[in-house]
Structures are given as C-alpha cells and as structure tokens.
Amino acid sequence: QVQLVESGGGLVQAGGSLRLSCAASGRTFSSVAMGWFRQAPGKEREFVGLINRSGSSTYYADSVKGRFTISRDNAKNTVDLQMNSLKPEDTAVYYCAAAQTLGVLTSRYGYDYWGQGTQVTVSS
C-alpha cells in the first residue's frame, strides 16, 4: 500500500508559477514510478507527466512540455511538480499517482494508488 497526499495548489495569475508536492508513505517509495494527472470539470483525467523510480528519467504531455518539471526525492518520499508559465487551460484538480509495475504509465489505468487531488486555478 502507498498513501499519497498532494499539497501546494491554489489560485495564480496566467504566466505565474506553482509548485505542487506529493508526500508518500507506506511501501518503499523508490520502488514505484510516479505520475501526475489532472482533471478539469467535465473532462477526462489526463496525463501530465511521469518520473521513473530513480528519478533519472521523466516524460511529459505535449501540452506541458517545457513549462512543467517533475522531480522526486526518494530520501524524503516526495515528488514535486513545478509549473511555470501557467495558462488558464491548466486549471484543474491535480493528482499524483504511484505505479508498482511498469505498465502504460501515460494512462490512468497504469497506476495503483492515487492522492486526493489539489485544485489549481489559473486566472486570465
């Protein structure tokens, strides 16, 4: 079992930055790959980015590439999502997720554990 808790959401103006954090407990953190997803009202939950178990590799959705950065600290059991140059279309509830096995990690179905989500609102 892995328990995940996100923090750091809020209201920001377009062009601004926010840093989300996800704290994990339970299963050895370094044994799971981590992903970030988001869900806007009336839309499907969509992939934002992922980081591998060691933190040596990341992958991002085209919509956030170059603006968002994922990092992790296995000693602290945390994974962060740094979001820069935010746009109104980035408004959503953001979720972190953990994957025990290396399935399709760009799909929500590739993850076994989810946090409760944190709201990010970008005003124009």
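Along the sequence shown, the residues carry numbers beginning at 1. In this text, all values refer to a predicted model and were calculated from it rather than measured experimentally.
The stretch residues 59-124 participates, sequence neighbours left out, in these disulfide bond (SG atoms under 2.5 Å apart) pairs: C22-C96.
One finds the CG atom of N77 at 9.5 Å from the CE atom of M34 (value rounded to the nearest 0.5 Å). Atom OH of residue Y95 and atom CG of residue L20 lie 12.5 Å apart, to the nearest 0.5 angstrom. Distance check, rounded to the nearest 0.5 Å: CG of L105 to OH of Y111 gives 4.0 Å. Atoms CG and CZ, from L4 and F29 in turn, are 8.0 Å apart once rounded to the nearest 0.5 Å.
Residues forming a ring-ring contact (aromatic ring centres under 6.0 Å, His included) with Y94 (at least two apart in sequence, or on another chain): none. With sequence neighbours left out, the side chain to side chain donor-acceptor pair (under 3.5 Å) criterion links D112 to no other residue.
Using a distance-only test at 3.5 Å, with no hydrogens or angles considered, a donor-acceptor pair links the side chain of Y60 to the main chain of I70. In terms of modelled atom types and a separation under 3.5 Å, the side chain of R38 and the main chain of E46 share no donor-acceptor contact.
Shown here is K65, whose NZ atom has more than 12 heavy atoms of other residues, nucleotides or ligands within 6.0 Å.
With 3.5 Å as the limit, one finds a donor-acceptor pair spanning the side chains of S54 and S56. Defined by atom type and a distance below 3.5 Å, a donor-acceptor pair is missing between the side-chain atoms of T78 and D73. Counted by atom type alone, S123 and Q13 present zero donor-acceptor pairs between their side chains at under 3.5 Å. A donor-acceptor pair shorter than 3.5 Å cannot be found between the side chains of D80 and Q82.
Ring centroids of F37 and W114 are separated by less than 6.0 Å, placing the two rings close together.
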